[in-house]
Structures are given as structure tokens and as C-alpha cells.
Amino acid sequence: MDPDHLGYLIDRYLPALVLYARQWCRAPEDVVQEALIKLARQTEPPLHPVAWLYRAVRNRAISESRSERRRQAHEGRFAARTDLWFTPSEDPANLDAQAATRSLAGLSLEQREIIVAHLWGGLTFEQIADLTGGSAATCWRRYAAGLAALRHKMGAPCPTGKTT
Amino acid sequence: MPDRQDDLNPAADLAPFADALKRLAPQPAHLSRDALLFEAGKAAGGPRLPAWVWPTVAGAFAALSLVLAAFLASPDSLPPPGQPAVVHVVPPHDSQPIPLPPAPINEAPAKPKEIKPDDSSPDQARMLQVRRDVLRWGVDMLPEPRPAATAPSPDVVARTITHWLNLPPGTFTTSTLQPKKKTSEDDDE
């Protein structure tokens, strides 16, 4: 792969990929690093490198989470006790990073994965459907339901001024 | 791949919240960009084979070399094709030394041994006396043949003829002396 293209992918998608891998495992940086190195070793670069990266990160993160579970016999929702996922913003108009982290971690894994991949990874619903093994319509329904639940948890105002 | 999210956007009231959520920046990764690029470049230029392949191949060839060296060092190894095989024969300990062929003797032929009448047995002396008489006086000097007391048995005759003609034993054996296969009646007895 072209080093310039790889550098662009790192600059543009590294935080989003780490956020995506954080949904499963405790060491997301290692997972993303392995995925990027694996991408660099490809003799034929994939047609959609971003989608390829998300797939590699997902597979590796799931495998890593299984290993962590075997090691620690840890039950419960891993995402609920993680550190802050977002950088706190100085702008008071933006959402609270801590509340967003807590609310996002409270969603189901299916909804959370789709929201993260679509909002911060920029993947289309077709790409997410290929990634998760469902249909684009199912992904969209889960995305909308998850987003509505998230807004409800964070107490964000509806466009009509009411809190759903 | 075309993004059909606009076609699948039935909830327009969620769009402002999604935009606000999207403005949240994920935490930066604790990864060095340069180190990551270096590792990626090193991996891209590294060998494609797994690390265990070459040690395994080297070990296999080392084991093969040891086996071939053992074959080469063994005393009963076969000679290479095209060369005569050298066979070492160890004589047994209790065998007699192999006699050498007699060397040519340049001596005069041995004289016929003289028969001395005084050192022979009485029968031989009598035989010599008969021969001397026959040569002097003729065949009338032969003694009268003694009548045979008993005729030799057919077995003795057959054995004698077999010995004279140098035939394999049993050629003239009478049927009565030939071995018989045991029959069931014999077994019953």
C-alpha cells in the first residue's frame, strides 16, 4: 500500500477506529495497530480500505475480547466501565462527553456498533451490513432506534422542544 | 459504494441530534504515527513466510544429513554403482587352513614301489605265488574255485553294483527294502 495513503488513513480514521474497537476490548490501540500493519502487508490493496480496516478491527477486537473473557472470567458489559470515549468540548453548545460516553455505553452492542461505525467511521449502511452480516434496512432500524434511545438517555431536546 | 442513508432516513428529527453527536471527537489514540508507519513499512518489507518455516526446514535437512552420514559410516554399506563390491569373508575359527596348491616338483618320477613278499600278509603271499605260477605254467595252475557257501542276497548285489557304477544309492534297491508310506492301518497298529 502507498505510504501516503496509509498516513492519510491513520490521520483521518485512527481515533474512530480506536473508538470502534473500544466497544469490545480493553486494548483498542493494539487492535488498531495490528489492523493497520495487516493492511500494509497486503500485496493487493483492498477496494475500500476503510471498510476493510473496520472489518479487520472488528474481527480482531472480538477475538481479543474472547481472550480477555477467558483470562479474567469477567462477566458484564465491558463498555460500561471504560474511560472517557470522547474529548470534552469547550463549546457549551456541544454535548457533554461524559454523558455521551455513559449513554452510548448503555446501548446494546448491535446499536452501539452501528452508531459508531456510521457517525465517526463514515461507513454506509450497506458497508455496515456487510460488516455485521445483516441487511442495510436492519442496520438502519437499529441505528434509528439506538439514536432515539441515546437522545432519551442524554436528555437532548427534540426539535419540537420536548424531551422524548 | 453509493450511500443510501438519505433514502433510509425516515426520522428527520434525529438528524440534529446525530450531527451534535458527530461533533464529539473521539479520544485520540495513544499511538505514535511515525512508529506506526515504521512498523507498517517493516511488516510490508518483511518475509511473507511464517517465522517457523525456515528453522523447520533447516532442522529437517540436518536430520537427513545425519541419517545419510550414518549410512555412509556403516560397514555394510553398499558400494556406489559402477564400482566392484569388496566382500570381506572372515574364516571361522575352527576351520583348517586352506591348503595351497602343490608347487611344481622338478624331481624324477617316483619309482614303483617294490613289493616285498616278506612284509605282506599270508593271503597276499599266496596270491603272489599263484600269479607267479600262472605266468610260468599257464592258467592250469589256477586253483579250483571254491563253491559258494551261500549266494549273496539281492540287497548286497544291488549295493555292490551301485557302488561299482557310482550310481546314487537306492537305484537298484529291491522293492522290499524301499521305504513305504505309512498307511492308516499301520497307524492303527
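Here is the naming used below: chain letters follow the sequence lines, and residue numbers restart at 1 for every chain. For clarity, every value in this text was computed on a predicted model and none was experimentally measured.
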Can you tell me how far apart CG (B:D19) and CG (A:L119) are? Round to the nearest 0.5 Å.
8.5 Å
In terms of heavy-atom pairs under 4.5 Å, which option from A:C139, A:P15, A:A97, A:A51 contacts chain B the most?
A:P15
Are any non-hydrogen side-chain atoms of B:F17 and A:L150 less than 4.5 angstrom apart?
yes
To the nearest 0.5 Å, how far apart are CD in A:Q33 and OG in B:S32?
9.5 Å
Does atom CZ of B:R33 have more than 12 heavy-atom neighbours from other groups under 6.0 Å away?
yes
Taking every heavy-atom pair that is under 4.5 Å apart, which of A:V116, A:I37, A:T87 has the most such pairs with chain B?
A:T87
Count the heavy atoms of every other residue, nucleotide or ligand shown that sit under 6.0 Å from CD of A:Q98, and state whether that count exceeds 12.
no
Common cluster, B:L36/B:F38, ILVMFWY with side-chain heavy-atom separation under 4.5 Å
no
Among the listed options A:L147, A:L19, A:L47, A:V32, the residue most often paired with chain B at heavy-atom distances under 4.5 Å
A:L147
Indicate yes or no: at least one non-hydrogen side-chain atom of A:L95 is less than 4.5 angstrom from one of B:L21.
yes
Distance from A:W120 atom CH2 to B:L24 atom CG, nearest 0.5 Å?
6.5 Å
Heavy-atom nearest pair, B:L14 first then A:A144, reads CD1-O, 3.6 Å
Check whether any side-chain heavy atom of B:Q27 sits under 4.5 Å from a side-chain heavy atom of A:V18, and report yes or no.
no
